[in-house]
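To start, the structure under review is shown below, and the notes come after it.
Just the heavy atoms: all of them, side chains too, but no hydrogens, waters or symmetry mates, feed the values below.
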Amino acid sequence: MSSRPGAAWPLVAVFTAGYLASYLLPTVVGRLSAHLGLSPAQAGLVGSALLLSSAGAGFTLAGRVERYGARTPARAGLLLAAIGYGCAALAGSVPLVVLGVVVGGFGSGTATAVAAAGIAARRDPHRTSSLGLLTVSATAGVLYLTIPHLGGGHRLPFAAIALVALLVWPATARLGGATTAEETSSPVTGRLPHRRSGLVLAGGMLVWSMAQNALWGVSSRIGITQAGLTEVTVGAVFAAALGAGLLGVMGAGLLGARLGRAVPIGLGTVVIAASIVLSSSARDLGSFATGEVLWNAFYPVVLSYLIGLAASLDVRGRWAVLAGSASSVGVACGPLLGSVLSEEAGYPVMGLILGAATLLVAAPVTAVALHTGGRPLVPGSVRRRGGAPAALLAATTGGGLSGAVPKLGSPEQAVTELRVPALRRRLLVRSAIRTAGPDGDSGQSNAYASTSDR
């Protein structure tokens with residue numbers, strides 16, 4: 001992958017550092033309960049505090065990353081993550097651990113918001129988000145294989161997250177700085193587009209993530225208390241499950257948008273619901289491992305398409321950040337919900353409830369994918385600088401356009417709406433021209449069109 005400023009790997013690195021805490025949630029919650037004397041519900045509440053703080057950072061930064069630039073908030077987020085989780089690792093009292101968790105969670109959320117906004121600006125958001133999920137799954141898998149053998153009480157998981165944040169810090173040098181006023185004066189940066197679809201998607205991702213992480217937060221206890229496995233065996237199952245997730249994300253990356261987003265989201269969610277029921281009712285190694293592996297194989301696949309769908313709704317990445325933050329709220333409520341349901345109703349009933357909730361949100365989220373982004377992408381599509389999805393206008397656009405094409409040659413950026421009634425699409429044509437160089441050569445013109453369904 002290229003190391004030029006526009007390369008994707010810095011975003012992938014920041015994405016990994018931001019998402020790692022939620023991937024390590026089962027071992028964090030389990031060790032807080034085992035080594036700090038917290039009840040399962042109390043440990044789940046600490047995990048929820050971490051993720052609520054992360055979601056708060058996302059809501060705070062939504063729509064502001066472009067103004068501040070990616071580099072500064074990414075560095076601030078990584079620094080807060082390193083300090084917060086580092087303090088939680090060193091602290092021996094519950095109040096100090098909770099304080100460190102909240103600070104570290106805000107740092108994780110900041111890093112995730114920067115990555116989400118940057119991914120939305122990529123030419124292929126789905127490919128970049130898939131690569132990010134691939135990297136964070138691999139990192140978490142390695143940690144699940146090593147942490148059970150090293151002991152360290154509650155300290156080791158927090159220390160690992162802090163260390164990853166420090167290791168990612170150098171990658172921020174490749175991120176962009178603050179945007180000037182001239183660069184942010186584009187007319188496509190007005191009110192939030194696709195509000196209805198965006199709100200449905202954000203609400204669906206909140207419930208979807210809540211169900212997933214309600215199970216993920218108690219999966220370790222299911223394996224140990226209900227299936228009768230050791231911590232080492234459960235860690236090996238988690239590592240294998242995350243390995244299956246790697247294969248799933250790789251497959252999603254290869255599949256890309258050939259089937260659109262609706263089919264992977266809809267069918268994948270159905271498989272996930274069945275896997276939740278199987279895993280939560282497991283009473284031996286075989287059923288527990290099967291449920292966890294199958295679930296983790298499809299979870300990141302569906303998540304990558306949801307991230308790509310959110311990114312496609314707004315050229316500035318605001319829906320990507322808002323939907324991601326809503327998902328973080330669901331992730332935050334998940335451990336507490338899982339702990340309460342498992343204590344009050346038992347693991348099998350908890351699985352049935354979570355599976356039913358997952359199926360209920362599949363319909364509206366799939367409908368959003370069908371309406372706004374379920375079709376395969378147009379071959380040869382390109383993206384403008386700043387993140388607008390676009391298809392290069394060519395002679396193949398054919399007739400049927402009503403409205404005037406903006407003149408090329410004006411130093412200002414012009415926007416003209418073109419309608420294609422037969423396709424029920426709106427084409428947003430954006431033209432830009434470079435001013436003449438010092439040698440007197442004529443400027444260079446580029447015309448772009450962004451398509452979106454009504």
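Judged by distance alone, with hydrogens and angles left aside, the side-chain atoms of Tyr85 form a donor-acceptor pair with the main-chain N or O of Gly104 at under 3.5 Å. Distance alone, capped at 3.5 Å, is enough to place a donor-acceptor pair between the His154 side chain and the Ala88 backbone. Remark: side-chain polar atoms of Ser279 are not paired, donor with acceptor, to backbone N or O of Ile276 under 3.5 angstrom. With hydrogens and angles disregarded, no donor-acceptor distance shorter than 3.5 Å links the side chain of Thr358 to the backbone of Trp208. A side-chain donor-acceptor contact under 3.5 Å links Gln226 to the backbone of Ser280. Of the possible donor and acceptor atoms, one in the side chain of Asp284 sits under 3.5 Å from a partner among the backbone N and O of Ser287. A donor-acceptor pair is defined here as one N or O able to donate and one able to accept, closer than 3.5 Å; no such pair exists between the side chain of Ser33 and the backbone of Gly30. For Ser281 (side chain) and Leu278 (main-chain N/O), a donor-acceptor pair under 3.5 Å exists by modelled atom type. Side chain of Ser53 to backbone of Val102: a donor-acceptor contact under 3.5 angstrom is found.
Taken from CD1 in Ile161 to CG in Leu156, the straight-line distance is 10.0 Å, to the nearest 0.5 Å. Atom CG of Leu370 is separated from atom OG of Ser197 by 11.0 Å, given to the nearest 0.5 angstrom. To the nearest 0.5 angstrom, Leu36 atom CG is 8.0 Å from Arg155 atom CZ. Here CE of Met205 is found 11.0 Å from CG of Leu322. Values are rounded to the nearest 0.5 Å. Going from atom OG1 of Thr110 over to atom CZ of Arg75 covers 15.0 Å, rounded to the nearest 0.5 Å. Summarising the geometry, atom CG belonging to Leu25 is positioned 9.5 Å from atom CG belonging to Leu32; distances are rounded to the nearest 0.5 Å.
Between Phe158 and Leu24, the closest side-chain pair of non-hydrogen atoms is not below 4.5 Å. Counting only heavy atoms from C-beta outward, the side chains of Phe288 and Leu229 approach each other to under 4.5 Å. Taking 4.5 Å as the limit, some side-chain heavy atom of Leu143 sits within range of a side-chain heavy atom of Leu20. Side-chain contact between Leu166 and Leu78 is absent, with no heavy-atom pair separated by less than 4.5 Å. Looking at heavy atoms from C-beta onward, Leu341 lies out of side-chain contact with Val349 at the 4.5 angstrom threshold. You'll find the side chain of Trp295 reaches within 4.5 Å of the side chain of Ser219, heavy atoms only. Under the 4.5 Å side-chain criterion, counting only non-hydrogen atoms from C-beta, Met350 is in contact with Ile222. The closest side-chain heavy-atom distance from Arg283 to Pro348 is below 4.5 Å.
Smallest separation of non-hydrogen atoms from Arg261 and Pro264: O-CD, 3.4 Å. A pairwise comparison of heavy atoms in Leu313 and His194 identifies O-CD2, 3.3 Å as the closest pair. In terms of heavy-atom proximity, Gly338 sits nearest to Val218 at C-CG1, 3.7 Å. Contact detail for Ala91 and Leu96: the closest heavy-atom pair is CB-CB, 3.5 Å. Closest of all the heavy-atom pairs between Ala74 and Val114 is N-CG2, 3.8 Å. The minimum heavy-atom distance between Leu215 and Leu354, with the atom names listed, is N-CD1, 3.8 Å.
Between Tyr144 and Phe238, the ring planes are perpendicular. Angles over 60° get that label, and only those under 30° would be called parallel.
Listed by first then second residue, pairs satisfying salt bridge (charged side-chain N to carboxylate O under 4.0 Å, His left out) with a partner in residues 25-42 read Arg31-Glu231, not counting sequence neighbours. Residue pairs meeting the ring pair (Phe, Tyr, Trp, His ring centres under 6.0 Å) criterion with at least one member in residues 17-50, sequence neighbours excluded: Phe15-Tyr19.
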Checklist entry - Going through the checks in order, is the side chain to side chain contact (heavy atoms under 4.5 Å, CB included) test met by Ile119 and Val12? => result CA-CA 9 Å; Ile119 287 172; Val12 171; over 6 Å; no
Item to check | Derivation of the side chain to side chain contact (heavy atoms under 4.5 Å, CB included) call for Val168 and Thr16 | outcome: CA-CA 9 Å; Val168 167; Thr16 300; 5.6 Å; no
Checklist entry - side chain to side chain contact (heavy atoms under 4.5 Å, CB included) between Ser22 and Leu51: does it pass, once the steps are laid out? => result CA-CA 7 Å; Ser22 62; Leu51 295 166; 3.9 Å; yes
Next on the checklist: Before you tell me yes or no, could you show the steps for Leu134 and Leu131 under side chain to side chain contact (heavy atoms under 4.5 Å, CB included), namely the whole-Å CA-CA distance, both residues' side-chain angles and the distance that decides it to 0.1 Å?
Outcome noted: CA-CA 5 Å; Leu134 189 70; Leu131 188 58; 4.2 Å; yes
